[in-house]
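Here the structure comes first, spelled out in structure tokens, and everything after it is commentary.
Along the sequence shown, residues carry numbers from 1. What you see is a predicted model; the values in this text were computed from it and never measured.
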Amino acid sequence: ASPTYPCNYDDEDLICVAATTSTDALASYSNYGPKHTHIAAPGSGIKSTYPGVGYKILSGTSMATPHVAGAVALALSAFSYLSPHQVGQLLLSSSSKPSWLKTKVSSGLLDVGGLVMQAESAAWLWLSSPAGSGSTGRAKNVSLELPAQSAVNISLLVGGALMERGTHTAEVEVFWTGGGLDGEASVPVSFVVQGAPQIALIWDSSSDWRWGEVPVGATSFKTRAIKNIGNGTLRVRLESLPMPFVSPSNGSILEASPFEEISIEVACAPTVSGSWMANLTLRTNTGIDPWSAAQDDGVDRGDAHWIILYCSGDLPPFLEVSQYSGVALLPSGGGESPVHLEPCVPAEWEPSLDGGNVSARLTTPRDANVGGCAELNRSVVEGTIVLVSRDFCSFASQAAVAEAAGA
């Protein structure tokens, strides 16, 4: 489909509106498309003024657009220091982002509360209007008439709901006139926002870590990422774990800046057979005020999260070769013929082998080549002991094929 009037106007301040229903879905009659439709708003079953009857329930993008226009008018009337272009950009960035609108509009669903918060945060410094100034509440400009030899206190209001962390600076310009003593001065203002971390909860009660059976003497790792979706530094401390659970981060504090991730790595490393369960406790500096979160003891005062760990240890498997099997030692350097060993009961490596033992990872060929008579994949079997089934080819042939693949 092609963009149509008026959404196809080439104007950076144009905002094209889609209509939604009361069940949070795009209306069937609505225009859509993320390249030319910018935001969505309620447009179905809207009570509206109507010529001749006073009010009527109507549906259409003509009902959705006034919601957006009204939100822009509200922001411009309350925050007159913002330009129409700035309000338009804040309107789009503050919209909510439901997944069902992702491919329909370029921003999201109208959020008037979000627009107000973003507009408010765009100016974090206000003057508190004193008595006699002719205005009330907070203002960007205050005018006063003062008798000679008098003084007045003007308070500054600082901060905003969506301010980014860090140090913010501004200046208050002061102008005066009268009695031939005209002048001006600038008063510097500095404001520090601490910021608060927030964890993206990526686990729930069903997200236990289960290793199943781990061979005694082996180590099996699991890793999980924790994302900081707040605007302060996230700190996480792993409490000590009982054996056989171990973590490189036991007792240490891990940090993540806003929108960065922390990787939590835990291993099950059994030294004896058995079954174990333990709690992985993560102490964080979330859930408390920004100032407390930035202190050294923030992780002791913030929220804690738990993951239940399950692991079983068992003796590692072993291979017993029957008297009907063939065994060959394949030289690692190549160029030499394999040493074919005579079968015995039970099968053993011959005493002439260096060290008397051979150790390597066990592999098997693909199902279509279980006998190992056809060419083996070197990237899979190189440096391993290949287990093959009895097949149409001789054991010597099987050994030669394995040798050619580096097994």
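- Between Ile15 and Leu91 the shortest side-chain heavy-atom distance falls below 4.5 Å.
- Taking each heavy atom of Ala19 and Ser30 in turn, the nearest pair found is N-OG, 2.9 Å.
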Quiz prompt | Intermediate values then yes/no, side-chain contact (heavy atoms from CB on, under 4.5 Å), Arg378 and Val381 | solution = CA-CA 5 Å; Arg378 174 178 284 272; Val381 305; 5.5 Å; no

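- Contact record, Met63 with Ser48: SD-CB, 3.7 Å, taken as the closest heavy-atom pair.
- Each of Ile253, Leu282, Asn285 was compared with Val236 under the side chain to side chain contact (heavy atoms under 4.5 Å, CB included) criterion, and only Leu282 meets it.
- Separation of atoms CD1 (Ile39) and NE2 (His67) is listed at 12.0 Å; rounding is to 0.5 Å.
- In this structure, the side chain of Asn228 engages the main chain of Gln198 through a donor-acceptor pair within 3.5 Å.
- The closest donor-acceptor contact from the side chain of Thr219 to the backbone of Ala269 lies at 3.5 Å or more, if one exists at all.
- Side chains of Asn279 and Thr281: a donor-acceptor N/O pair is absent below 3.5 angstrom, by distance only.
- Residues Pro258 and Gly230 come closest through the heavy atom pair CB-O, 3.2 Å.
- When the shell of 6.0 Å around CZ of Phe175 is examined, it contains more than 12 heavy atoms from other residues, nucleotides or ligands.
- In this structure a side-chain-to-backbone donor-acceptor pair under 3.5 Å is present from Glu260 to Ser257.
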Quiz prompt | Check against side-chain contact (heavy atoms from CB on, under 4.5 Å), Ile46 and Leu58 | solution = CA-CA 5 Å; Ile46 307 299; Leu58 300 173; 5.7 Å; no

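- In terms of modelled atom types and a separation under 3.5 Å, the side chain of Asp297 and the main chain of Arg301 share no donor-acceptor contact.
- Side-chain atoms of Glu173 and Ser186 include a donor-acceptor pair closer than 3.5 Å.
- Within the 4.5 Å cutoff, no side-chain heavy atoms of Pro34 are placed close to those of Val105.
- In this structure, Ile264 and Leu280 have side chains that are in contact, with non-hydrogen atoms separated by less than 4.5 Å.
- Between Leu92 and His38 the shortest side-chain heavy-atom distance falls below 4.5 Å.
- Of the inter-residue distances, the one linking Asp289 atom CG with Gln295 atom CD reads 9.0 Å to the nearest 0.5 angstrom.
- Panel note: side chain Asn369, backbone Cys373; a donor-acceptor pair is recorded below 3.5 Å.
- Considering only heavy atoms from C-beta on, Lys56 stays 4.5 Å or farther from Lys47 through its side chain.
- Atoms OG1 and CD, on Thr177 and Glu184 in that order, are 11.5 Å from each other to the nearest 0.5 Å.
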Quiz prompt | Check against side-chain contact (heavy atoms from CB on, under 4.5 Å), Trp100 and Asp24 | solution = CA-CA 9 Å; Trp100 51 273; Asp24 276 342; 3.6 Å; yes

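- Atom CG of Leu74 sits about 7.5 Å away from atom CZ of Phe79, to the nearest 0.5 Å.
- Between the Thr65 side chain and the Ser62 main chain, no donor and acceptor come within less than 3.5 Å of each other.
- Ion pairing between a basic and an acidic side chain is recognised when a charged N comes within 4.0 Å of a carboxylate O; Asp303 and Arg283 show no such pairing.
- A donor-acceptor contact shorter than 3.5 Å links the side chain of Trp211 to the backbone of Ser220.
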Practice problem: Verify side-chain contact (heavy atoms from CB on, under 4.5 Å) between Leu309 and Asp208, making sure each step is shown before the conclusion. | Solution: CA-CA 6 Å; Leu309 312 177; Asp208 304 333; over 6 Å; no

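- To the nearest 0.5 Å, atoms OG (Ser99) and NZ (Lys102) are separated by 8.5 Å.
- Under a 3.5 Å cut-off, the side chain of Arg237 and the backbone N or O of Asp300 do not form any donor-acceptor pair.
- The shortest side-chain heavy-atom distance between Trp176 and Asp182 does not fall under the 4.5 Å cut-off.
- Minimum heavy-atom separation, Ser190 to Thr167: OG-CG2, 3.5 Å.
- Considering all non-hydrogen atoms of both residues, Ala170 and Leu125 come closest at CB-CD2, 3.9 Å.
- The shortest side-chain heavy-atom distance between Thr286 and Ile288 does not fall under the 4.5 Å cut-off.
- Here Lys222 contributes atom NZ and Ile307 contributes atom CD1; the two are 11.5 Å apart, rounded to the nearest 0.5 Å.
- The heavy-atom pair separating Thr223 from Glu265 by the smallest distance is OG1-CG, 3.8 Å.
- Among Val299, Leu238, Thr284, the one residue that satisfies the side chain to side chain contact (heavy atoms under 4.5 Å, CB included) test with Leu254 is Leu238.
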Quiz item: Where do Tyr29 and Ser44 land on the side chain to side chain donor-acceptor pair (under 3.5 Å) test, with the steps shown first?
Solution: CA-CA 10 Å; Tyr29 53 79; Ser44 295; 2.8 Å; yes

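- Put simply, the side chain of Tyr310 does not reach to within 4.5 Å of the side chain of Cys268, judged on heavy atoms.
- Surrounding CE of Met277 are at most 12 heavy atoms belonging to other residues, nucleotides or ligands under 6.0 Å away.
- For Asp314 and Ser273, the side-chain atoms include no donor-acceptor pair closer than 3.5 Å.
- Enclosure of atom CG in Asp11 by more than 12 non-hydrogen atoms of other residues, nucleotides or ligands within 6.0 angstrom is indicated.
- Of the possible donor and acceptor atoms, one in the side chain of Ser83 sits under 3.5 Å from a partner among the backbone N and O of Gln86.
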Exercise. Begin from the C-alpha positions of Ser94 and Gln118 and carry the test side chain to side chain donor-acceptor pair (under 3.5 Å) through to its verdict.
Key: CA-CA 7 Å; Ser94 64; Gln118 286 204 14; 5.0 Å; no

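- With a 6.0 Å radius and a threshold of 12 heavy atoms from other residues, nucleotides or ligands, Glu261 has its CD atom above the threshold.
- The 12-atom threshold is not exceeded at OH of Tyr50, counting heavy atoms of other residues, nucleotides or ligands nearer than 6.0 Å.
- For the residue pair Ser95 and Lys97, a side-chain donor N or O sits within less than 3.5 Å of a side-chain acceptor on the partner.
- No donor-acceptor contact under 3.5 angstrom links the side chains of Tyr32 and Thr103, judged on distance only.
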